[in-house]
Amino acid sequence: MAEAVQARSSSKAPSKIRGAIVRFAGDSGDGMQITGSQFTSTAAMLGNDLATFPDFPAEIRAPAGTLYGVSGFQINFSSDDVFTPGDRPDVLVAMNPAALKTNLAALKPGGLLVANSGAFSAGNLKKAGYAENPLDGDSMSAYQLLSIDISKATLLAVAESGLSTKEANRCKNFWTLGLMYWLYNRPLEPTLRWLDQKFKKTPDVLAANAAALKAGHAYGETAEISHERYDVPPAVHEKGTYRNISGNQATAWGLVAASQLSGTGLVLGSYPITPASDILHELSRHKNFGVTTLQVEDEIAAACTAIGASYAGKIGVTTTSGPGMALKMEAIGLAVSTELPLVVINIQRAGPSTGMPTKTEQADLFQALYGRNGESPVCVIAAATPGDCFYMAIEAVRLATKYMTPVILLSDGYLGNGAEPWKIPDVSSLPKIEVKHRTEVEGFHPFVRDPETLARAWAVPGTPGLEHRIGGIEKSFDSGHISYSPENHQKMSETRAAKIAGIANDIPELGIEEGEASGKLLVLGWGSTYGSIREAVRRSRARGLSVSQAHLRYLNPMPKNFVELLSRFDKVLIPEMNMGQLVKIVRGEHLIPAESYAKIEGMPFTVDEIEQRISQLVEA
Amino acid sequence: MAEAVQARSSSKAPSKIRGAIVRFAGDSGDGMQITGSQFTSTAAMLGNDLATFPDFPAEIRAPAGTLYGVSGFQINFSSDDVFTPGDRPDVLVAMNPAALKTNLAALKPGGLLVANSGAFSAGNLKKAGYAENPLDGDSMSAYQLLSIDISKATLLAVAESGLSTKEANRCKNFWTLGLMYWLYNRPLEPTLRWLDQKFKKTPDVLAANAAALKAGHAYGETAEISHERYDVPPAVHEKGTYRNISGNQATAWGLVAASQLSGTGLVLGSYPITPASDILHELSRHKNFGVTTLQVEDEIAAACTAIGASYAGKIGVTTTSGPGMALKMEAIGLAVSTELPLVVINIQRAGPSTGMPTKTEQADLFQALYGRNGESPVCVIAAATPGDCFYMAIEAVRLATKYMTPVILLSDGYLGNGAEPWKIPDVSSLPKIEVKHRTEVEGFHPFVRDPETLARAWAVPGTPGLEHRIGGIEKSFDSGHISYSPENHQKMSETRAAKIAGIANDIPELGIEEGEASGKLLVLGWGSTYGSIREAVRRSRARGLSVSQAHLRYLNPMPKNFVELLSRFDKVLIPEMNMGQLVKIVRGEHLIPAESYAKIEGMPFTVDEIEQRISQLVEA
Amino acid sequence: MSNVVPTRNLTRADFSSDQDIRWCPGCGDYAILATVQRTMPELGVLPENMVWVSGIGCSSRFPYYMNTYGFHTIHGRAPGIATGIKVANPDLTVWMVTGDGDGLSIGGNHLMHCLRRNVDINILLFNNRIYGLTKGQYSPTSETGKITKSTPMGSTDNPLDPVVFALGCNASFVARSIDVEAKHLGQMITRAANHRGGTFTEIYQNCNVFNDEAFEAFRAKDVKDERQIHLEHGKPLLFGADKRKGLRLDPKTFKLSVVTLGENGMTESDILVHDETNQTLAYMLARMPFPQFPVALGVFYAVEGETYNARTEQQVNFSVDKQGKGDLTKLLNSGETWTV
Amino acid sequence: MSNVVPTRNLTRADFSSDQDIRWCPGCGDYAILATVQRTMPELGVLPENMVWVSGIGCSSRFPYYMNTYGFHTIHGRAPGIATGIKVANPDLTVWMVTGDGDGLSIGGNHLMHCLRRNVDINILLFNNRIYGLTKGQYSPTSETGKITKSTPMGSTDNPLDPVVFALGCNASFVARSIDVEAKHLGQMITRAANHRGGTFTEIYQNCNVFNDEAFEAFRAKDVKDERQIHLEHGKPLLFGADKRKGLRLDPKTFKLSVVTLGENGMTESDILVHDETNQTLAYMLARMPFPQFPVALGVFYAVEGETYNARTEQQVNFSVDKQGKGDLTKLLNSGETWTV
Ligand SMILES: Cc1ncc(C[n+]2csc(CCOP(=O)(O)OP(=O)(O)O)c2C)c(N)n1
Ligand SMILES: Cc1ncc(C[n+]2csc(CCOP(=O)(O)OP(=O)(O)O)c2C)c(N)n1
Ligand code: SF4
Ligand code: SF4
Ligand SMILES: [Mg+2]
Ligand SMILES: [Mg+2]
């Protein structure tokens, strides 16, 4: 038998550690996402810094026990700053053989493996492709194995609830959560409170889940485990009130906030698509903010309803993911040509084509910048963390309405579904967004421009005296009427480009996130790679390497000091979850010989990967 | 009165000149396109080299006499090599005041202006915005004015035809053509033959047009013109049989040829759009080549029917222009992911959005390369001249079927509608295209690859034993089944990229079109700028400047010797009818500091413009 | 339909823009424009509260000539843009112009969804059975075998009837008229304007350049009485110069026939009575084959119902009533939070 | 339908692929798959000559489980791809699977054109009145007021009936069945397969995860006799356990009613007789409101006509006959040329 943890009484005080990485893995039906998010809530409330990574199967409800039906949730919680969900877990909870099979390789050598031996039936072993039960024999000897029949223990614990065996069995995730709470010395109350709320209407289920939670905790407490317990003290956080927030929720709330801050109603036109649908779902719950959400027939209609709403004076927004983005391009071109504000949000996923809808990627940057016919410049920005989505959504609205232009906000599946503790901002500290609808008749034509921003007038239907016609045909700079004049087309093309380029004067300069303002190596990122890069740069610096981090939130236009900042470093490394897109732009526009670190596995970078690449470059 | 050409008898022998540029301009209803193309046919048959530029109004039949209703046709014909329709005409024919107004600025100082004074009525003058008749007074004194009441002369000439005045008036373009034939000492027979064919069924119209043609000629001959006559001797052409061909016709014929050369049926899925519709029109006339043309409901369906046809083993082709291209992107991504051959032809027009449908532009290069979600590499090629469209269409089919990939062929409105004399190739000299449909069951899976080309097997429905399923979700490299594995996604992404990159081994190296193989300046072009660049480089070289020309027909992948070739020049200039797209790619992929010459006026570069830029760079 | 009451007297000039009209001389679009501009002043909507939206095509140039707000969008997508406008500001009166290509070829799906949702916009589809702007290819309403530039051997598609299609999409108002029948067309436009909810009106429009006389077989003066039947709610379905022909339904075979009053004992009581509220009747009338049957013109179907935009607006209002006006601070602090 | 004659005995196993089926346990898609796999061997088409094409959605995973050729394409675009396949090789038998979202939301236009063109492909639309794959948003067939993730206050759209829509698109064969009614479904699939021309079959399919029991009101054992009416050509439209209820049309009002034989003097001669060739009847039957009327199942309409693919093929053949097989040299030298 493997070097299993012996069952004996243990009443030692927990030892203090900085943090830990725990991964819950089980069947889609095992409730791992709930377990993970409860563990997360409790950790957050205890003041840990943390980051999470949910990893769903593509299937809605894959058949039980299959490899592709495994659902995972990883959390990295700590008393230090946390920037990523962590590379390899310290603890792996495997609720069945398939979960073990697909996740074991990630577990740190010597890490703790909690396995629900009750699910290691012959049938499940076969489905997972195990010829023999891996919990028997020596194959787990590289880990600390804690093999418990959680299924049975759960049934025992909830016996009195009156639930059917099937229902009772569903409580085993709470049993497991209880055990994990014991291991990390966490209180049960937050989860008990949550259960109270959630199962108000089904008291028997409520009672059973609570009993399971307590039993799992008691199992560790009273009985029988030789394993150490740990304490992860709170992190030093800035003062304030915090909450957990996922990227998609933050995006939705950012849009609500922008609507409030601008005093302008918001109309979302959307068509469901993984992993963007949750923004539609979330926004549709906040109609009392004057938000209208339309689920329409496809992505083209979604973009078009948003454009129609913008034309009518509202904030038109459309949300989607890669394939849907491809479909919106013609309509976005219309918004470019008619110079209407439009916020387009792309929660990127792995491509090409349908690709891997539940996996993350950053490969739609080129598409955002260049995916339309003709010279069709738009503003492109990207969020760096789940919480950052809130601010970047506000920024998207601010820029779109101020410059009368489409703004594409790039997020991705990792940001959208991932969550982090987030300091709730004071509403009064948020930027005001000044929306001007023209009413002055004197001197009006639809393409009369603000000389500073180059934005055209936003004259909305219903305004007497400003009746006008717009369309996608080229327009005269001087009157807004249709024009086929060669010189005018040149002038209008240049004006559209200059308008977008001018946004550089209205955005923050690129700062250094970590490290000195000059040195051997700058690691430049954009989007969801923020956390991995940050942590890797920190660790490298701790090892004495001369490396700094900068992170682009504005991809078009880029911050004014971009070239200057990059030129202060000997080398620039650009890690991207694609085949190297930003890097081409940096080279093409600025002739800076940046190096690409491209990874396209549908998964975020691990900190390790980036750290190694840094070492190679700095130590070379 | 202006320095008008005096009417007097003139029987001088024509003087020999190298060539001339003539522009016919009139109302949409004046038949200028027919006049121009007849003049072109005759010049071609006389052995002149030539190039033409038709310039239509956007309206179908704009109201008579309006500025936006003016239709133009320019021809540059010569005993030397001709590469462009010419910058400024030597002769301008203006059939009405609007035509004069919109075209006069182009006429060379001292050039000949033939004006139909009969159309300079008060009404027409007003529509054209003339307060006074410009044919009176001094305003035309910079030109040689030949003011003739062509309307009246025509009515007179066709009086016996029995046509109504309205119909009779329609013959005035042939009267004008007759006069031009006289001026350039050309025979009437080719046009008379053409009239015979064209109006077989309406002998009265035939007779009237012929009479008008002869009368115009006689007017010059017998009567009353002081102007010199010219002779433009034949150009020295390679031996062979020639014809005139427009880019769209050449493209259609190239597709027919490719189908024949590969012994594989061709299915075109298309949706009409200016300026691409003519390819559909032309192909639909050649069903006896086993060509099927489907005009379907939109561009998406067009791409999809083509993909379906490819899946079923035929050559799937789809043709469109910019906005339609935007709509096809998601479907092209499917062809990338399923690795099916697909030929996509984009006859670019001025954008963004609807833009200027009848005007030309090269601004869809980025879209072709980057317009899809995810990493979605395709092969992109571009034709340089109308005749070149024939060869590049064949090449598109060859690469698509050999590499099992979408190939995007870029042309533009200028190439598509423009015509040039074209040496008819010997069919046996055309490349064979070997199409392999797999039948071998042993070792088959749908993504089994040719180790050399990396192309997957083309196994078509109807083949026993090769039943398989494909789709847009990521597939296992080893089995073709759906796979969400991270390593597999990396491997497949790299394989798709490597397959396209590998095409570089199968295409010609980049050659020098004009000039030495190294020097001060290389002017690098792509697409329809070929002619203007060629001529500009020639002229600059004639002035002793060290400048050469290279022209990219393969944009992705680029020829293997690309970087090496560019590095042999001190400077590289890239003229493009956009805001600088190729130049960014050259810089981004290769870190070569090429200079951009971007012009976005919906019009081709003039030779002058490029020549000046060359001077600036070389003489600087 | 909007509820804004006009505050000034309106004339045709108020609805005519200063732009040159760029259709071919003789195009049926001119007649439609004239009727629209003549009818608008009577509808009681100020130009500034009116938006004309279109896609791409000759017909879709329409908005440029109306002195109202106008949006010439992209090919086939006008219904989406019009929906966005109406939802964003339900006080606006939104009209949409489309063609048989714009609305039924590339844009068929958006049109369908717009109709089924009953978005309160008035849609005019100019059906010339051809793609005009792209110079003459067959359209989804062209007859099978149509010879055009893209179909030199004739088209291979079965055509679609826009009225049948609209009925299949659950449109709440479906009518048909003809470009040159100014009076009838004016009536249809007025009916559409006054209908509370989305409306769909097909207008047969002659493209004299690429599909001339497409409708002459029943549009021409000398035949129209015998070849058109005008639908009027509650009235028997009679036609002919002297109104002696009529439509009769065989209740057993469920088949329609043309009968003549006085012949074979037929009296008016044998004749079907038009009922705008009966979708099946509308469907049958729209499906009558020509020339065995006359072409039906008028309102096929009209039943008012709740609109998409009204329901959408109600949800916002209801939600404010129930949850109170949104409070951002409250939202951000909702659910579990902790304070450091 | 293809004309290829099978050369070997086929069984269900010949049509079952080795792929794990990835639908939720209990999903109605399983039942449909089983019926299809059981029915296919009887149709006389070899697996290698059969292609299953689909879009995106749970239902669209169908091709993976058929041991034939299969193409899981992109969302809503299967009709275009299927058309391309059929035109490119008319000998293939092409089936298409789509969902209420795939086929009627994003793909409504392609579906419409595919039906009106009468492309010879067999379309099965699995209608679960929900978007399954994206985890439960309302679809174009969801009832108004449907509460889903994206419509917490209820949807604001009027739903579309797929059969009504298909009739509006001139489909040449329109039928409806239910996932769990294996026998009836098998019959419909066989009818569709044997119909020369394009076919459209709606299949009510239960999504037990996101829209469970959507059809229970007429699918459940205890009510189905009273709440379903099975259409059979030439037979009176009777239903109920003892077939004593029937549909009657009032020829004056043109309205349908449910009557009971023996009551109010009703006899079988008062009852409408189903006629598959009557589009108007089909339309009326498809429009019957539930539960006032039973839900109609079976073949609503079936009239064979020329197919798009046949016409397209004919043009190629005819053109070869007339002009001779294309000669490239001749083409290149056609029109005006000159020799140097
Ligand atoms: C995306 C896109 N595809 C194609 C076109 C080309 N196009 C413009 S109008 C048109 C058809 C117009 O037909 P219809 O709607 O009947 O209008 P009509 O000109 O007959 O009034 C087409 C195919 C386009 N502008 N955009
Ligand atoms: C272009 C695009 N837009 C959106 C999606 C997301 N998506 C996948 S399936 C689907 C709806 C599926 O509904 P339905 O066709 O009814 O299939 P079901 O899952 O219910 O069987 C959506 C919106 C996508 N894959 N591609
Ligand atoms: S092409 Fe036809 S529809 Fe278009 S403007 Fe001319 S006549 Fe009218
Ligand atoms: S989500 Fe619904 S439709 Fe999809 S597989 Fe599950 S039960 Fe079936
Ligand atoms: Mg039309
Ligand atoms: Mg569904």
Side-chain angles (χ1 to χ4, degrees), chain B residues 41 44-45 47 190 237-244 253 256-257 260 265 267 269 286-292 294 296-298 300-314 316 330-331 334 338 424-425 427 460-473 481-482, chain D residues 17 19 46-54 56 63-64 66-89 91-92 109-110 112-113 312-313 315-326 328-329 331-340:
Chain B
S41 290
M45 270 176 286
H237 274 117
E238 218 182 305
K239 275 211 167 120
T241 300
Y242 286 76
R243 65 172 304 124
N244 260 318
W253 288 9
V256 171
Q260 293 286 303
V267 177
H286 303 297
K287 300 215 163 73
N288 61 326
F289 285 86
V291 164
T292 304
L294 308 176
V296 293
E297 63 269 26
D298 66 9
I300 299 176
C304 286
T305 45
I307 291 171
S310 283
Y311 177 67
K314 296 284 169 78
E330 194 207 5
L334 177 66
T338 53
I424 300 172
V427 168
V460 311
T463 315
L466 300 191
E467 296 84 357
H468 66 273
R469 276 66 55 194
I470 57 171
I473 302 182
H481 293 320
I482 288 178
Chain D
S17 82
Q19 294 298 293
L46 293 171
E48 65 257 34
N49 294 325
M50 193 179 274
V51 188
W52 284 80
V53 183
S54 65
I56 300 285
Y64 288 118
M66 295 295 297
N67 194 27
T68 62
Y69 283 89
F71 202 160
H72 180 221
T73 70
I74 43 178
H75 199 31
R77 318 302 176 185
I81 301 214
T83 298
I85 293 171
K86 186 70 191 177
V87 166
N89 183 356
D91 288 338
L92 298 171
N109 201 37
H110 308 301
M112 180 260 271
H113 287 284
T312 304
E313 203 184 358
Q315 292 200 342
V316 170
N317 295 339
F318 183 76
S319 161
V320 171
D321 286 353
K322 220 182 75 177
Q323 304 174 254
K325 227 175 167 1
L328 193 53
T329 301
L331 174 67
L332 300 184
N333 286 278
S334 62
E336 302 199 31
T337 64
W338 65 96
T339 301
V340 176

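Residue numbers begin at 1 in each chain, while the letters A, B, ... track the order of the sequences.
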Asks: For the atom pair CD (D/Gln315) and NZ (B/Lys287), what is the distance rounded to the nearest 0.5 Å?
Replies: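 Going from CD on D/Gln315 over to NZ on B/Lys287, the span is 4.5 Å.
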
Asks: Could you tell me the separation between the CD1 atom of D/Ile74 and the CD1 atom of B/Ile300, rounded to the nearest 0.5 Å?
Replies: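 Those atoms lie 7.5 Å apart.
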
Asks: With a 4.5 angstrom heavy-atom cut-off, which part of B/Ala302 approaches chain D: side chain, backbone, both or neither?
Replies: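 When you check distances to chain D, no heavy atom of B/Ala302 falls under 4.5 Å.
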
Asks: Looking only at non-hydrogen atoms, find the nearest pair between B/Ala312 and D/Leu92 and report the distance.
Replies: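 The pair with the smallest heavy-atom distance is CB-CD1, 4.5 Å.
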
Asks: Could I get the full list of ring pair (Phe, Tyr, Trp, His ring centres under 6.0 Å) partners for B/His468, not counting sequence neighbours?
Replies: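 In terms of ring pair (Phe, Tyr, Trp, His ring centres under 6.0 Å), with neighbours along the sequence ignored, B/His468 is linked to B/Phe444, D/Tyr69.
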
Asks: If I take atom OG from residue D/Ser319 and atom NE2 from residue B/His286, how far apart are they, to the nearest 0.5 angstrom?
Replies: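 If I round to the nearest 0.5 Å, the distance is 9.5 Å.
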
Asks: In terms of heavy-atom pairs under 4.5 Å with chain D, which of B/Gly471, B/Gly462, B/Ala301 leads?
Replies: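 Looking at each of B/Gly471, B/Gly462, B/Ala301 in turn, B/Gly462 comes out on top.
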
Asks: Quick one: closest heavy-atom pair of D/His113 and B/Glu297, and the distance?
Replies: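 Taking D/His113 first and B/Glu297 second, the nearest heavy atoms are CD2-CB, 3.3 Å.
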
Asks: Where does B/Ala306 contact chain D at under 4.5 Å (heavy atoms): side chain, backbone, both or neither?
Replies: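 Contact with chain D involves no heavy atom of B/Ala306 at all.
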
Asks: Would you check if B/Thr241 and D/Val340 make a side-chain contact, meaning some heavy-atom pair closer than 4.5 Å?
Replies: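 Not touching, per the 4.5 Å side-chain cut-off.
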
Asks: Would you name the heavy atoms of D/Tyr64 and B/Ile473 that are closest together and state the gap between them?
Replies: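 That closest heavy-atom pairing would be OH-CD1, 4.5 Å.
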
Asks: Keeping B/Trp253 on the side-chain end and D/Leu332 on the backbone end, is there a donor-acceptor pair under 3.5 Å?
Replies: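 Absent.
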
Asks: Please classify the contact between B/Ile482 and chain D as side chain, backbone, both or neither, with a heavy-atom cut-off of under 4.5 Å.
Replies: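 Only the side chain of B/Ile482 comes within 4.5 Å of chain D.
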
Asks: Check for a donor-acceptor pair, side chain of B/Arg469 on one end and backbone N or O of D/Thr68 on the other, with a separation under 3.5 Å.
Replies: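 Here the side-chain-to-backbone pair exists.
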
Asks: Does any backbone or side-chain atom of B/Ala44 lie under 4.5 Å from a heavy atom of chain D? Answer side chain, backbone, both or neither.
Replies: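 Contact with chain D: backbone and side chain both.
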
Asks: Picking from D/Gly76, D/Gly80, D/Gly70, which has the most non-hydrogen pairs under 4.5 angstrom with chain B?
Replies: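 When all of D/Gly76, D/Gly80, D/Gly70 are compared, D/Gly70 has the most.
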
Asks: Under 3.5 Å, side chain of B/Arg243 to main-chain N/O of D/Ser334, donor-acceptor pair present?
Replies: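 Yes, B/Arg243 side chain to D/Ser334 backbone: donor-acceptor pair under 3.5 Å.
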
Asks: What pair of heavy atoms forms the shortest contact from B/Lys314 to D/Ala88, and how long is it?
Replies: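 Heavy-atom minimum between the residues: NZ-O, 2.8 Å.
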
Asks: Heavy-atom pairs under 4.5 Å with chain B: which of D/Val320, D/Ile56, D/Asn89, D/Leu328 has the most?
Replies: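 If we count pairs closer than 4.5 Å to chain B, D/Leu328 comes out on top.
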
Asks: Give the member of B/Asn244, B/Val291, B/Thr292, B/Val296 that has the highest number of heavy-atom pairs under 4.5 Å with chain D.
Replies: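 Option with the top pair count is B/Val296.
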
Asks: Need one label for D/Met66: side chain, backbone, both or neither, based on atoms under 4.5 Å from any heavy atom in chain B.
Replies: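 Contact with chain B: backbone only.
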
Asks: What is the distance from atom CD of B/Glu330 to atom OG1 of D/Thr73, rounded to the nearest 0.5 Å?
Replies: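 Nearest 0.5 Å value for the CD-OG1 distance: 9.0 Å.
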
Asks: What verdict does the side-chain contact (heavy atoms from CB on, under 4.5 Å) test give for B/Asp298 and D/His110, after you've listed the backbone C-alpha separation in whole Å, the side-chain angles of each residue and the deciding distance to 0.1 Å?
Replies: CA-CA 9 Å; B/Asp298 66 9; D/His110 308 301; 3.5 Å; yes

Asks: Just verifying a value: how many Å separate D/Phe71 CZ and B/Tyr311 OH, rounded to the nearest 0.5 Å?
Replies: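 Reported to 0.5 Å precision, the distance equals 7.0 Å.
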
Asks: I need the minimum non-hydrogen distance between D/Val316 and B/Gly290, along with the two atoms involved.
Replies: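 So the minimum-distance heavy-atom pair works out to CG1-CA, 4.0 Å.
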
Asks: Below 4.5 Å from any heavy atom of chain D, which atoms of B/Ile424 appear? Answer side chain, backbone, both or neither.
Replies: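 Only the side chain of B/Ile424 comes within 4.5 Å of chain D.
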
Asks: At a heavy-atom distance under 4.5 Å, which candidate from D/Pro63, D/Gly84, D/Ala78, D/Ser54 has the highest pair count against chain B?
Replies: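 With the most close heavy-atom pairs to chain B, the winner is D/Gly84.
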
Asks: What part of B/Ser310 gets closer than 4.5 Å to chain D, counting heavy atoms only: side chain, backbone, both or neither?
Replies: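 Interface part for B/Ser310: neither.
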
Asks: What's the separation between atom OG in B/Ser41 and atom CD in D/Glu336, rounded to the nearest 0.5 Å?
Replies: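 Taking OG in B/Ser41 and CD in D/Glu336, the distance rounds to 4.5 Å.
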
Asks: Which residues pass the side-chain contact (heavy atoms from CB on, under 4.5 Å) test with D/Thr83, sequence neighbours left out?
Replies: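 Applying side-chain contact (heavy atoms from CB on, under 4.5 Å) to D/Thr83 gives B/Thr305, D/Val87, D/Cys114, D/Val119, D/Tyr308.
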
Asks: Can you tell which part of D/Glu313 gets under 4.5 Å to a heavy atom of chain B, answering side chain, backbone, both or neither?
Replies: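 When you check distances to chain B, no heavy atom of D/Glu313 falls under 4.5 Å.
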
Asks: Minimum heavy-atom separation for B/Gly47 to D/Trp338, with atom names?
Replies: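 Minimum heavy-atom contact is CA-NE1, 4.4 Å.
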
